[in-house]
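Encoded as structure tokens, the structure appears first; notes follow it.
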Amino acid sequence: MIGRLNHVAIAVPDLEKAAEIYRGTLGAKVSAPIALPDHGVTTVFVELPNTKIELLHPLGANSPIQGFLDKNPSGGMHHICYEVEDILKTRDSLKASGVRILGDGEPKIGAHGKPVLFLHPKDFAGTLVEVEQV
Ligand code: CO
């Protein structure tokens with residue numbers, strides 16, 4: 001059902017410092033910070049030949065990653081995103097398997113302008129999983 005790894009998202013307390021680790025130390029192609037107020041994050045995209053890394057920093061008062069950073073002050077892997085062809089079919093199949101879908105179970109438009117769902121980490125070996133229809 002799942003296809004390519006679309007991205008790995010890492011929550012970071014210091015966006016410029018994290019961007020410089022990828023740009024300078026690791027020699028990756030790194031974007032300028034992009035504010036995504038609808039999602040409560042500022043994101044730096046790291047482009048790798050086979051996938052992307054997204055560095056996430058809280059934006060605004062109710063950022064969905066603030067709680068994660070409170071628990072993990074030095075930052076950490078926040079979620080992984082897999083591509084799917086049909087998000088509603090995927091959702092229905094996952095639900096039938098007993099997987100918990102976060103939120104109201106309806107796809108939302110994600111940070112890339114495409115429909116996404118988040119799946120409960122306890123159903124996926126302790127990892128928050130995002131599925132994105134591409
Ligand atoms: Co994501």
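Indexing begins at 1, ligand by ligand and atom by atom, following the structure's order. Reckoned from all heavy atoms, side chains included, excluding hydrogens, waters and symmetry mates.
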Please name the residue in the list Ile34, Ile10, Leu55 that meets the side-chain contact (heavy atoms from CB on, under 4.5 Å) test with Val44.
-> Leu55
Under a single-linkage definition using a 4.5 Å side-chain heavy-atom cutoff for Ile, Leu, Val, Met, Phe, Trp and Tyr, are Ile53 and Ile65 assigned to the same hydrophobic cluster?
-> no
Connected via hydrophobic side-chain network under 4.5 Å: Val129 and Ile87 | yes
The Co ion (ligand 1) - number of protein N/O/S atoms closer than 2.8 Å | 3
Might you point out which heavy atoms bring Ile109 and His39 nearest each other, and give the distance in Å?
-> O-CE1, 3.1 Å
May I ask you to decide if the ring planes of Phe45 and His112 are parallel, tilted or perpendicular, using 30° and 60° as cut-offs?
-> tilted
With a 4.0 Å cut-off, would you call Glu16 and Arg23 a salt bridge?
-> yes
